[in-house]
Amino acid sequence: MSSTSLSGATVAVIGAGTMGTGIAQIAAQAGHRVRLHDAREGAAADAKAKLAATLDGLVAKGKLDAAAASATLARIEPARAIAELADAKLVVEAIVENLEVKRKLFAELEGIVAPDAVLATNTSSISVTAIARDLKAPQRLVGMHFFNPVPLMKLVEVVSGLRTERGVADAIFELSKAWGKVPVHTKSTPGFIVNRIARPYYAETLALLHEGYVTPEQADAALRAAGFRMGPCELMDLIGHDVNYAVTESVYAANYFDKRYVPSLVQRELVDGGLFGRKSGRGFYDYANGAPAAKPAASRRGDVAASAQLVLTDGRTAQQVAAETRQRDVAVFDWAIGPGGALAYAVAEGASEAFAQEVAQAIAAAGFEPLRIGDAPGLVVARTVAMLVNEAADAVQQGVCDPAAADTAMKLGVNYPAGPFEWLNQVGTARVVELLGALAAHYGGERYRTSPWLACRRLQERTA
Ligand code: NAI
């Protein structure tokens, strides 16, 4: 099966829900005949009707011509039974996220489709290796992980399980490109690339909230200024705390309760209280009167001039720097790595109020909106970005993906303004490693341990 080509293949999509409908749409738009099946009677036909309305909308907006829309729709045939999928050369499964149900479906499919048909699963959290376990031909099962909404999100994670044949993964990779997507190869490990590397984006802010250093508004403003389209709190509110918490819990459990992925009591409270975010009307923010307006980021930006008393964070608190330098008036400020706007800073306890005001003025004079937060080690942006880089470095160390794939995945799967390895190049290995070291020293324990990949890169740089 090593030279599998799926161009022109009849594609079966199983599961006509949110993801399956989108997958059917893009496959049909790319010219494939699509058979759409769902266990629930009438669901596939309903999905096709919904798609017709979506395509009509695109035609009305001038984004699609009418002939293309009707040709796309004509290529999609609802199938009532899986026996009707026999001529499919590719099956993409997007049913309920349950290992046993998926195993059973693929076992049944083996008796229906041709021996050389490719079987793909859109699972976002289940091991591809585990889904393939009982198959007669496990080498033809591969993960094809799309992002929601499928027609708009460019990324596809092509997930190889232990027994997936490389040619099969390559065929899905090529097909994804033909469908207008940007694929990346990854291994079947918890969270694959995106859902794994993204954990610290939520976790660091949840830790800062838990320890009382910031408000949700402050964390969001700081990270928006670093270039993220949405701050972590507004993003968790959008995703839904129930969903986001469940992903964190599953990654945590799947990693044998590694403390790096530990879920947060702050989020647990929201979930327990039914404060899921936008969909329930309240999460970190109140949506009773629509979404709270995000403050626009200031457009000017400069560099904050560090002085003996105002220093760029290296992960130590202002108080620690004050104690170590025997100065009273000390402040630390955050990494300015984005388009600008808010810039977090913290002032040592015991510093004078006049000094604190001078610091705010210096930050404002450099074109930033001064954002005074509690004296948190690594402030907001620095610790979040350092931990994203650390997680990405571990993923590369463990062979989950290469650095280029990690960068592509984070930019296209969750719209990050830069990839983790791009940040690493921007900030420098020394600074990232130093910050992680300070966090590890401050908190103790496992959470902030430096990835061996980063430690090794740092050594190479020092000996070069
Ligand atoms: P959904 O609930 O919208 O749709 C699932 C559909 O599958 C339903 O219409 C259901 O009737 C059907 N179904 C359930 N069991 C079936 C079976 N045995 N045979 C045939 N049809 C069956 O779910 P959604 O969100 O589309 O997710 C589907 C898969 O895609 C899951 O594995 C999920 O983890 C994954 N995924 C979801 C993403 C999302 O943002 N919603 C993103 C990426 C992956």
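All ligand and atom numbering here is 1-based and tracks the order in the structure. Every heavy atom of this structure was used, including side-chain atoms; hydrogens, water molecules and symmetry mates were not. Sequential numbering from 1 along the given sequence is applied to the chain's residues.
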For His241 together with Phe284, are the ring centres under 6.0 Å from each other? yes
Could you see which bit of Leu105 sits under 4.0 Å from ligand 1, with heavy atoms only: side chain, backbone, both or neither? neither
Are Arg33 and Glu77 close enough for a salt bridge, meaning some N to O gap below 4.0 Å? yes
Within the 4.0 Å heavy-atom shell around Phe146, which atoms of ligand 1 are there? 42 (C), 43 (C)
Any nitrogen or oxygen of Asn122 lying under 3.5 Å from a nitrogen or oxygen in ligand 1? Just yes or no. yes
Among non-hydrogen protein atoms, atom 31 (C) of ligand 1 lies closest to Ile95 O, 3.1 Å
Does Ser124 approach ligand 1 within less than 4.0 angstrom via side chain, backbone, both or neither, non-hydrogen atoms only? both
Should we say atom NZ of Lys411 is surrounded by more than 12 heavy atoms from elsewhere, each under 6.0 Å from it? yes
Does any N or O atom in Glu93 lie less than 3.5 angstrom from one in ligand 1, N or O only? no
At what distance, to the nearest 0.5 angstrom, does NE2 of His145 lie from OG1 of Thr186? 10.5 Å
Please work out whether the ring planes of His185 and Phe173 are parallel, tilted or perpendicular, with thresholds of 30° and 60°. parallel
Pairing of Glu204 and Arg447 as salt bridge, 4.0 angstrom limit: yes
Could you tell me whether Asp38 and ligand 1 have an N or O pair separated by under 3.5 Å? yes
Consider every N or O of Lys102 and every N or O of ligand 1, then say whether any pair is closer than 3.5 Å. yes
With rounding to the nearest 0.5 angstrom, report the CD to OH distance, Glu217 to Tyr285. 4.5 Å
Pull out every atom of ligand 1 sitting under 4.0 Å from any heavy atom of Ala39, numbered as shown with elements. 16 (C), 17 (C), 19 (N), 20 (C), 21 (N), 22 (C)
Polar side-chain atom of Asn390 near backbone of Ser451 as donor-acceptor pair, under 3.5 Å: yes
Starting from atom 23 (O) of ligand 1, find the nearest protein heavy-atom neighbour and note its residue, name and distance. Thr18 N, 4.7 Å
Could you find the nearest protein heavy atom to atom 5 (C) of ligand 1 and give me its residue, atom name and distance? Ala94 O, 3.7 Å
Calculate, to the nearest 0.5 Å, the distance between atoms NZ and CZ belonging to Lys136 and Phe106 respectively. 14.5 Å
Ligand 1 N/O within reach of Ile14 N/O, cut-off under 3.5 Å: no
Any salt bridge linking Arg449 with Asp258? Criterion: basic side-chain nitrogen under 4.0 Å from a carboxylate oxygen. yes
Does the protein place a non-hydrogen atom closer than 4.0 angstrom to atom 15 (N) of ligand 1? yes
Checking heavy-atom distances from atom 39 (C) of ligand 1 to each of Met19, Arg40, His37, Glu157, the winner is Met19
Between His145 and ligand 1, find which residue part has any heavy-atom pair under 4.0 Å and reply side chain, backbone, both or neither. side chain
Once you restrict to heavy atoms under 4.0 Å, what part of Ile126 touches ligand 1? Side chain, backbone, both or neither. neither
Within 6.0 angstrom of Glu269 CD, more than 12 heavy atoms from elsewhere: no
What's the shortest distance from atom 4 (O) of ligand 1 to any protein heavy atom, and which residue and atom give it? Gly17 CA, 3.2 Å
Separation between CZ (Arg199) and CE (Met387), nearest 0.5 Å, reads 12.5 Å
of all protein heavy atoms, closest to atom 32 (O) of ligand 1 is Glu97 OE1, 2.5 Å
Using protein heavy atoms only, decide if any is under 4.0 Å from atom 2 (O) of ligand 1. no
For ligand 1, which atoms, with element, lie under 4.0 Å from some heavy atom of Val101? 18 (N)
